[in-house]
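A quick write-up on the structure given underneath.
Every number for a ligand or one of its atoms is a count from 1 in the order of the listing.
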Amino acid sequence: MPVKDAQGRTLVTLIPGDGVGPECIEATRRIIEASGVQLSFDIQHAGESVFKKGIPSGVPQETIDSIRKTRLVLKGPLGTPVGYGEKSANVTLRKLFETYANIRPVRELPGVKTPYSGRNLDLVVVRENVEDLYAGIEHMQTPGVAQCLKLISAKGCEKIVRTAFEFARSEGRKSVACATKSNIMKMTEGLLKRTFERIAPEYPDIQSWHVIIDNAAHQLVKKPEQFDVIVTTNMNGDIISDLTSALVGGLGFAPSANLGNEVAIFEAVHGSAPKYAGKNCINPTAVLLSGVAMLRYINEFEAAQRIEQSVIYTLEQCAKEGVGTGDVVGYDKPNTLSTSAFADRIIKNLGHKSEKYKVRDYREIKLPKISDEPAFVKAKSTRVVGADIFVQANLQPAVLGPKIEALLEGSALKLKMISNRGTKVYPSAGAITDCVDQYRCRCILRDGAQKGATATLTDDQLLPVLAKFGASKELSWMHIEKLQEIDGSEGFTKAQGED
Ligand code: NAP
């Protein structure tokens, strides 16, 4: 719920951001103020300017305090060092305030010519926003092997799937497609698919279907009209939402909302586009439409409608006159409109409506309220049937295998197989694998590892094994993963080639 000040104005934390951010935010702010909505902006900072002050998170305490108070953020894009350095302050903000749903709509707009013009594209990517590879848990396991953990929770899946269906209902949409890579990642991506299939029958008014994410990318380019709402995991959603924005004219037109049960953050899909920074030439529409989504979120439906109608009318008029922002007509052309000139037109056109392009009739979106309990799934039974012990060893598999077997002698565990980057290499089945120095040794209970047995591996049995591995001069262990059976099903996948 919006927080208001004594004058009845809704409080908003405004983060101008980096690169082109301040220009887009300034244009948006002017247009929102011209629409007559009463907002009280608290200007705060995050991103590059904050990294420069030596705050490694990129999000200072004042910004956190402001958001805790306002619970509502309108932000420009934030720059993140690519391939090195600090973590993304965008992702930090999304995760700090558990904004688990990232809603990224795109629709065809008048005057914005694309190869798809005339096909009336109008679809939305609902991207899980806080889990997956974006948990950002990365390690160098050996000097030459990096690892990133892909964490997906049942609770996170339930929240995003329910949000996608509720969102579809709030916009009167007809179908939700769940796009996953569950053919390969059966536990993580598969969890989203299974959750989707369990929940979909609760929404009989909405058609539901599953599509493998790579085919979704293919279908989106070939026949995008078949999609209405797409729900997907964080990484997939990040990529396909850039793709969908390109279908309607590019990142200059792609808004987004990061929604959580406590806080909502509105921002464009695009980044800080540094090459255009400070040139007053960037298209502010994506940030502006994010602001429009924010107005709907705080129930300012009328002002949101007026601004959206003015954007559409302005684009129609620009097309008639043959003018537009640089991304539409080309930069540095005589008919190029600057960011501020384009914003001025939208302000002037407030109150005008397109005759052809309709604005959707929006209703409030009901975000799912899901238990705050950390233990969201309670298993009836779990038992540990073994452990994957990851070792660093500069040995070939045929040499390493017997050494691991010797280390396990006399223990509760036996070696089932060794894999290298997911492919079984010991005992060899004759595959040709280019091995690196990080191996997974799958060790299972000598007695009772089979399905349905009841024995469980105890720490008293496991720790001496690790100590033996640790004492070895030819290898070192850097990571272990217990192999669990949960309610009678294996809670781990096989290596490629493992029987
Ligand atoms: P980007 O900033 O999104 O820019 C990529 C390209 O998209 C631009 O060169 C431009 O294409 C086009 N573009 C972006 N915004 C536009 C707009 N408003 N109007 C018209 N065209 C627009 O992506 P990037 O260059 O990969 O990333 C730059 C920085 O932004 C990085 O530090 C990245 O981490 C960060 N980033 C932040 C966010 C966020 O804050 N949410 C999101 C993504 C990236 P043309 O070159 O074809 O003109």
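Atom numbering of ligand 1 starts at 1 in the shown order; those under 4.0 Å from a heavy atom of Gly79 are 32 (O). Near Lys75, meaning under 4.0 Å from any of its heavy atoms, are these atoms of ligand 1: 40 (O). Within the listing of ligand 1, atoms 41 (N) sit less than 4.0 angstrom from a heavy atom of Arg94. Listed by number with element, the atoms of ligand 1 under 4.0 angstrom from any heavy atom of Asp327 are 19 (N), 20 (C). Close approach of ligand 1 to Leu251 (heavy-atom distance below 4.0 Å) involves ligand atoms 3 (O), 7 (O), 14 (C). Of all atoms in ligand 1, numbered sequentially from 1 with element shown, those under 4.0 Å from a heavy atom of Pro274 are 28 (C). Residue Pro77 approaches ligand 1 through these ligand atoms, each under 4.0 Å from one of its heavy atoms: 40 (O). Residue contact check: Tyr276 has heavy atoms under 4.0 Å from atoms 10 (C), 45 (P), 46 (O), 48 (O) of ligand 1.
With hydrogens and angles disregarded, no donor-acceptor distance shorter than 3.5 Å links the side chain of Lys113 to the backbone of Val329. Between the side chain of Thr423 and the main chain of Ala495, no donor-acceptor pair closer than 3.5 Å is present. In this structure a side-chain-to-backbone donor-acceptor pair under 3.5 Å is present from Ser290 to Glu267. Checking side-chain atoms of Asn236 against main-chain N and O of Thr232 turns up no donor-acceptor pair under 3.5 Å. A side-chain donor-acceptor contact under 3.5 Å links Asp132 to the backbone of Asn234.
Residue contacts with ligand 1 for Tyr331 involve side-chain atoms from C-beta outward but no N, CA, C or O (heavy atoms, distance under 4.0 Å). The residue Pro81 has no part lying near ligand 1, judged by heavy-atom distances below 4.0 Å. No part of Glu23 comes within 4.0 Å of ligand 1, judged by heavy-atom distances. Contacts with ligand 1 closer than 4.0 Å are made by heavy atoms of both the backbone and the side chain of Thr80.
Taking atom 41 (N) of ligand 1 as the reference point, the nearest protein heavy-atom neighbour is Glu267 OE1, 3.2 Å. In this structure, atom 14 (C) of ligand 1 lies nearest to the protein heavy atom His270 CB, 3.6 Å. Protein heavy atom nearest atom 39 (C) of ligand 1, with residue, atom name and distance: Asn90 ND2, 3.1 Å. In this structure, the protein non-hydrogen atom closest to atom 46 (O) of ligand 1 is Lys275 NZ, 2.6 Å. Counting protein heavy atoms only, atom 30 (O) of ligand 1 is closest to Ser272 N, 3.0 Å.
Thr285 does not count as a contact of ligand 1, since none of its heavy atoms falls under 4.0 Å from the ligand. Residue-ligand proximity: Ser256 is placed with every non-hydrogen atom at 4.0 Å or more from ligand 1.
Within a 6.0 Å radius of CD in Glu364, other residues, nucleotides and ligands contribute 12 heavy atoms or fewer. Under a cut-off of 6.0 angstrom, the local environment of CD in Gln496 is sparse, with at most 12 non-hydrogen atoms contributed by other residues, nucleotides or ligands. The 12-atom threshold is exceeded at NZ of Lys150, counting heavy atoms of other residues, nucleotides or ligands nearer than 6.0 Å.
Taking all heavy atoms of Asp242, Thr339, Asn283 into account, the minimum distance to atom 18 (N) of ligand 1 is reached by Asn283. Of the listed residues (Ala246, Gly326, Gly250, Ala273), the one carrying the non-hydrogen atom nearest atom 2 (O) of ligand 1 is Ala273. Between atom 42 (C) of ligand 1 and the options Leu288, Val269, Ile265, the minimum heavy-atom separation is to Val269. Of the options Ile282, Leu78, Asp18, the smallest heavy-atom separation from atom 17 (C) of ligand 1 is shown by Ile282.
Between Tyr357 and Tyr313, the gap from one ring centroid to the other reaches at least 6.0 Å. Separation of the Tyr362 and Phe301 ring centroids does not fall under the 6.0 Å cut-off. The aromatic ring centroids of Phe227 and Trp209 lie less than 6.0 Å from each other.
The closest side-chain donor-acceptor pair between Asp238 and Tyr134 falls under 3.5 angstrom.
Proximity of atom 26 (O) of ligand 1 to the protein is not indicated, since no non-hydrogen protein atom lies closer than 4.0 angstrom. Distance check for atom 7 (O) of ligand 1: a protein heavy atom is found below 4.0 Å.
Counting heavy atoms from C-beta outward, Thr339 and Thr325 have side chains that stay 4.5 Å or more apart.
Counting all heavy atoms, side chain and backbone alike, Val130 lies closest to Thr99 at CG1-O, 3.8 Å.
Contact check on Glu302 versus Arg306 returns no salt bridge, with no Lys/Arg side-chain nitrogen under 4.0 Å from an Asp/Glu carboxylate oxygen.
Note: an N/O pair closer than 3.5 Å links Gly271 and ligand 1 by distance alone.
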